[in-house]
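Worksheet: the structure to be examined is printed underneath.
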Amino acid sequence: MNSPLDIHRLQGTADLLPAESFRWTQAEQVIRGTMLRFGFGEIRFPVLEPTELFARGTGASTDIVQKEMYTLTDRGGRSLTLRPEGTPSVVRAYLEENLGSQRPVWKLFYLGPMFRAERPQKGRYRQFHQFGAEMIGAASPESDVELIALGHTILRDLGMNAVRLHLNSIGSPDARRAHNEKLLAFLEQPDVFQKIDEDCRRRVQTNPLRVFDCKNEECVRILRHAPTIDQFLTAEDQEHFARVRHGLETLGIAYDLDPRMVRGLDYYTRTTFEFKTNLLGAQDTVCGGGRYDLLVETFGGPATPAVGFASGIERILAAVGESDVAPVALPRLDVFVCGLGDNARGLTAAILSRLRGLGLSADTDFLGRGLKAQMKEANRLAARLALIVGDDEIARGRFALRQMDGGGQSEIPADPSQWDKGLFVGVNA
RNA sequence: GUGGGUGUAGCUCAGUUGGUUAGAGCACCAGGUUGUGGCCCUGGGGGUCAAGGGUUCAAAUCCCUUCAUCCACCCCA
């Protein structure tokens, strides 16, 4: 624009100003609070990790690894990557800190920025923020239910009512292999292959499962006859899945079985799930996860089952903003101090200090403006009270205290050491 | 990486078949009240019309290029 600055925010990143960052802080408090109530402890891990962590953990065949990572080489020639997701780091820390030998089960959560070099669009950014939870060490269906219930509860606590849970089991690797074979055979039938669109033909080569994601009506119609994973689950897979569903029903968490649901990451086994909303356009998944029983092993650890999810904060806040939930108001300022003249301005720092020391929020004018402008500022800040300090007040030893809402005005002693918090508790406090 | 839309004041947007000094609302500042905010009235500041090039007597307007941004594809939170 006409800014003298020719340095700009990177595409797909954002500056959050106070009105918005306040919403974020509130959301983060809700997330942390619910996580702790579910017995999950916060883990903080580096934003920068060895590239190899994601190549092996997220999976070399995933789009994330193939084309979406911000990767750089440090001065020692090591390849580093800005984390595109959290799960591999949690697993790395689990092994590196030897957590498995301290306790059989760990429940960990994280919250922070992730980076993916995609083309931005609605609900998709290059720096975005996720919270996620992982339970490592438990194989039981009840642990799947715990994670889904956790995601469900947090979304609800954040004001997201319009979400739908999509549930699937992709079974064990053997079941997936068998399904993949049959699916390929189906797709390669000449009368099928010719009818599906170009994208789907490409998917046959790269990742046949993805054809189930196609939005082309003709493809969707043809694929209704394609074999789905649920027909290939082993008896143990089926038993596990049945118990997960039973657990959700016990909790009254509604779900849609979706045998065509595809997750983008390589490491999932058995249960996978997504919470979707219809408020966001194309990027409608606000929370996604599943079981990953083999990931710890791929990093050389002992066979360790695990389940987890990740959820996008931008998408949730956008969806809540679209819904009819009342927006949170910025907190009001308790006292705005109007200093008139040099004598008064010499006192304001001590006055502010005392008010803040009493636990009140307090601010003043730093531009030497007149009373009218200062009152206007107090109004703009939605101050509850204006404390007027002028030569008259100093001479009388009494400051004027104005109620900004009703307009009533009273007096208080000019000596801050005589003040207590009750003096400033207005009618609306 | 591919396709489409949009770039005019801090924000949301007008701007006629190309025609004089580019406008409105909101926001900001000041005055109406020499010490009292919100509502109202009056006035004011603020623009390289995204940038660069071209056509023309004349370009915010037409053409080209670049950049930014949004939406969608791919894929995912």
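So that the names make sense, note that chain A is the first sequence line, chain B the second, and so on, each numbered from 1. Everything numeric in this text was worked out from a predicted model, so none of it was measured. All heavy atoms count here, side chains included; hydrogens, waters and symmetry mates do not.
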Heavy-atom donor-acceptor pair, Asn379(A) side-chain to rG38(B) base, under 3.5 Å: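 Absent.
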Would you indicate what [X] reaches in the nucleic acid, counting non-hydrogen atoms under 4.0 angstrom: base, sugar-phosphate, or nothing?
X         : result
Cys338(A) : nothing
Ala378(A) : nothing
Gly370(A) : nothing

If I pick the C1' atom on rA50(B) and the same atom on rC41(B), what distance separates them, to the nearest angstrom?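 These two C1' atoms come out 38 Å apart once rounded.
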Please enumerate all protein N or O atoms sitting under 3.5 Å from an N or O of nucleotides 65-67 of chain B, with distances to 0.1 Å.
none

Expected output: side-chain [X] to main-chain [Y] donor-acceptor under 3.5 Å:
X         : Y         : value
Thr25(A)  : Ser21(A)  : yes
Arg116(A) : Arg124(A) : no
Thr51(A)  : Ser79(A)  : yes

Quick one: [X] [atom1] to [N] [atom2], roughly how many Å, whole number?
X         : N       : atom1 : atom2 : result
Asp363(A) : rG37(B) : CG    : C1'   : 16 Å
Met114(A) : rC75(B) : CE    : C1'   : 18 Å
Asp63(A)  : rC74(B) : CG    : P     : 11 Å
Glu118(A) : rC74(B) : CD    : P     : 12 Å
Asp15(A)  : rU69(B) : CG    : C1'   : 15 Å
Arg402(A) : rG38(B) : CZ    : P     : 11 Å
Lys67(A)  : rG1(B)  : NZ    : P     : 11 Å
Phe128(A) : rC75(B) : CZ    : P     : 17 Å

Only Watson-Crick and G-U wobble pairs, only distances under 3.5 Å, only runs of 3 or more: what stems does that leave for RNA chain B?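 Paired runs of 3+ in RNA chain B: B:1-7 with B:67-73, B:10-13 with B:23-26, B:28-32 with B:40-44, B:50-54 with B:62-66.
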Ring geometry between Phe45(A) and Tyr110(A) (parallel below 30°, tilted from 30 to 60°, perpendicular above 60°):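 Perpendicular, since the angle between the ring planes exceeds 60°.
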Check the orientation of His152(A) and Phe275(A). Use parallel for under 30°, tilted for 30 to 60°, and perpendicular for over 60°.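 Rings of His152(A) and Phe275(A): tilted, as their planes differ by 30° to 60°.
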Which pairs pass salt bridge (charged side-chain N to carboxylate O under 4.0 Å, His left out) with one or both residues in residues 16-41 of chain A, sequence neighbours excluded?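 Salt bridge (charged side-chain N to carboxylate O under 4.0 Å, His left out) check on residues 16-41 of chain A returns Arg32(A)-Glu42(A), Arg37(A)-Asp157(A).
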Shorter than 3.5 Å, N or O on both sides, protein versus nucleotides 71-73 of chain B: list them out with atom names.
{"residue": "rC71(B)", "atom": "OP2", "partner": "Lys122(A)", "partner atom": "N", "Å": "2.7"}
{"residue": "rA72(B)", "atom": "OP1", "partner": "Ala282(A)", "partner atom": "N", "Å": "3.2"}
{"residue": "rA72(B)", "atom": "OP2", "partner": "Gln121(A)", "partner atom": "NE2", "Å": "3.1"}
{"residue": "rC73(B)", "atom": "OP1", "partner": "Lys215(A)", "partner atom": "NZ", "Å": "3.3"}
{"residue": "rC73(B)", "atom": "N4", "partner": "Arg124(A)", "partner atom": "NH2", "Å": "3.3"}

Run the salt bridge (Lys or Arg N to Asp or Glu O under 4.0 Å) test against Asp237(A) and tell me which residues pass, sequence neighbours left out.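 Asp237(A): salt bridge (Lys or Arg N to Asp or Glu O under 4.0 Å) contacts with Arg270(A).
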Need to verify one output field. Residue with the more 5' nearest nucleotide on RNA chain B, Gln11(A) or Phe275(A)?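 Of the two residues, Gln11(A) wins.
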I want to check one thing: is the phosphate of rU36(B), taken as OP1 and OP2, less than 4.0 Å away from some side-chain N or O of Gln374(A)?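 Checking Gln374(A) against rU36(B): no side-chain N or O falls below 4.0 Å of OP1 or OP2.
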How does each nucleotide of nucleotides 28-35 of chain B score, in 5' to 3' order, for protein heavy atoms under 4.0 Å: base (B), sugar-phosphate only (S), or none (-)? SS--B--B
Between Asp391(A) and Leu340(A), is a side chain to side chain contact (heavy atoms under 4.5 Å, CB included) present by the stated rule, with each step listed? CA-CA 7 Å; Asp391(A) 290 335; Leu340(A) 303 168; over 6 Å; no
Given Met114(A), Met69(A), Gln130(A), the one that forms side-chain contact (heavy atoms from CB on, under 4.5 Å) with Arg83(A):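 Of the listed residues Met114(A), Met69(A), Gln130(A), the side-chain contact (heavy atoms from CB on, under 4.5 Å) partner of Arg83(A) is Met114(A).
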I'd like to know whether Thr277(A) forms a side chain to side chain donor-acceptor pair (under 3.5 Å) with Arg315(A), so could you lay out the CA-CA distance, the side-chain angles of the two residues, the decisive distance to 0.1 Å, and finally the verdict. CA-CA 10 Å; Thr277(A) 174; Arg315(A) 287 188 187 176; over 6 Å; no
